[in-house]
Amino acid sequence: MLEARDLTIKYGHRTAVDNVSMSLEPGVVTAVIGPNGAGKSTLLRSLNGSLMPNSGTIHLNEKPLAKFSRRAIAKQITVVAQEAELRFPVTVLEYVLGGRFVWVNSTTWGWESEHDLQVAESVLAATELRDLSSRMMNELSGGERQRAVLARALATEAPILLLDEPTANLDLSHQATLLGLVRERCNTQSCSALVITHDVNLAAQFADIILLMKAGKVVKAGTTKQVLVPDLLREVFSVDVLVDAHPISGVPRVTPVH
Amino acid sequence: MTSSRQGNRNRVTLRRTLITLLVLLVALVIVVGAASLLGSERLPVSNSLCALTTLGTRQCGLTSDQFDILFQIRLPRILLAAAVGGSLATAGASYQALLRNPLAEPYLLGVSNGAAVGTMLALLFFGSLEWSRPLMAFAGALVATLAVYRLARGRVGATPERLILAGVIVTTFLSSVIVFVTTLMDATRIRSFTFWLLGDLSGANTSLLPVPIAVAIIGAIILTLNARSLNLLMLGERDAFDLGVEVGRVRMTIFLVASLLVGSSVAASGSVGYVGLVVPHLTRLSVGSDNRITIPSATIGGALFVIIADTIARTVIAPRELPVGAITALIGAPLFIYLLKRV
């Protein structure tokens, strides 16, 4: 379990995250929504120790995050970035095996064990990348590459997933598949996930809890029904919206009214 | 057979790495043997091989002059060539992975020039202290590396373009320092110094020979131990950090060790260019870009490359010699153009 209390993060004089408290519970998918510059990514980056907060505390399993080594954090928390960093050519399998970094040790002379390979195989299968595993990452389509990014994050077997706009470059069907995978993982293996997204309806469909942020502050945190109400959304996004129920799933559906 | 199994089969494994390194080591032994037979003075082949295989404990019918040529002149020079080549290729491969830039190379980054300035200052001010040269060369290499790295780091981080530009700035600045110091020297020293700057292995027979050899071996081992972190760093620092790489510690280790490798080889032989560029590229083309195999293979490959280049340098217009740096650049530049066109 990951818990942040009274978190404040500043870039120089600008306050990016302003006194935010939140927690990620096992089996729960939390979505963070809010306009550009609301501090969503900054919040996410602080949760795995990439950014040091100016004040406030972050606890991982009731112990301060700062007390953990880099490796120990990486075993517990994994990040799915918006895009893969790829400055040298690698195959999909090599890329995904990168997720096993913290698990490989001197007993196998720094090489991946059979178990590491099995984990890689299973996440490749789950992300429907099995047939592409010997292809080069830079030859894949945007959607395939983003699935590989998720596959690598899943290969770490970390129980806490932080996803930073993972669907920004994906088409409609792949957005749903990717988040569906995360959802299923959290249901079956009781992992917790934090998903930053600009797609309010996608958040409504896959998240249990929504964190609505504006100018570094959490305006409202709660279930989709509690957060996705016209007044709050108008306040945060400065646009009039119509909220009704999705005809099939029944979750709130948000439509901007111009 | 599914494609995923196939991807697995093409993957670099410990077994494949060991076999590759074994093959390269056998090649190295053969090349060392062959190179020690070649030179302006013809040595009897079977007697020399006999003496070499007994590591000089028996003379095997060689005259004492021949024995001395073999063990006092040629072998030290070949071993130095191996150490210099291994050091530069290892440093090049590591810089390329760390800086995420396939064009990073000790010579192009100004690291070699930094080491050269350090060596020159040691010669000028502590001429009598032999140890001051590798130490000052290491300091010079380290300062140049950090200067290039700082200059290259813009608001968006160090892009490959900025890095090369920073390297050019530091290289040209240090070149003018070298010219300035050279003009302060007397005429006879200038010639030998110019030769040394181009990369010259003729100063091999010194008591310091074990230093570059030990540095090359230890450096290659330390960098290979960091190869898995480098594999992730090579793709991107942010992702490497997220996956558990201690980015700061690894970066410092690589900078220190690579500077040490460049410093020790420049102090011993001047700036032998292109080794750190060409050898890692050829290595990646033939064994792939997993640093666990690339780095140690580049070490042995670099040793092979410089031994061969130096053998050409001292035989092609024998009894006169060419600086080995001229040969590596002659082989390296066209090869690099060819590599660039393939990419």
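Order of the sequence lines fixes the chain letters, A, B, ..., with proteins taken first and strands second; residue numbering starts at 1 for each chain.
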> Does any N or O in the side chain of A:R71 come within less than 3.5 Å of the main-chain N or O of B:E246, such that one atom is a donor and the other an acceptor?
Replying inline: no
> Would you find a donor on one side and an acceptor on the other, under 3.5 Å apart, between the side chain of A:E85 and the backbone of B:R238?
Replying inline: yes
>> Which heavy atom of B:G244 sits nearest to which heavy atom of A:F101, and what is that distance?
In response: O-CE2, 3.6 Å
> Can you name the nearest heavy-atom pair linking B:T17 to A:W111, along with the distance?
Replying inline: OG1-CH2, 3.1 Å
Would you mind checking which part of [X] comes under 4.5 Å of any heavy atom in chain A, side chain (CB onward), backbone (N, CA, C, O), both or neither?
X      : result
B:N231 : neither
B:L232 : side chain
B:V247 : neither

> Top residue by heavy-atom pair count (under 4.5 Å) with chain A, among B:S289, B:S229, B:G288?
Replying inline: B:S229
> Does NZ or CZ of B:R100 fall inside the cone over A:F88's six-membered ring, less than 6.0 Å from its centre and within 45° of the axis?
Replying inline: no
> CZ/A:R70 to CZ/B:R249 distance, rounded to the nearest 0.5 angstrom?
Replying inline: 12.5 Å
> Taking atom CZ of A:R152 and atom CG of B:D239, what is their separation to the nearest 0.5 Å?
Replying inline: 5.0 Å
> Can you tell me if CD on A:E62 sees more than 12 non-hydrogen neighbours from other groups inside 6.0 Å?
Replying inline: no
>> Can you tell me which portion of A:L162 sits under 4.5 Å from chain B's heavy atoms? Options are side chain, backbone, both or neither.
In response: neither
> So which part of A:V149 gets closer than 4.5 Å to some heavy atom of chain B, the side chain, the backbone, both or neither?
Replying inline: neither
> What are the residues of residues 73-83 of chain A, in order of number, with any heavy atom under 4.5 angstrom from a heavy atom of chain B?
Replying inline: A:A74, A:I77, A:V79, A:A81, A:E83
>> Quick check: under 4.5 Å, non-hydrogen atoms only, which of residues 44-53 of chain A neighbour chain B?
In response: A:R45, A:N48, A:G49, A:S50
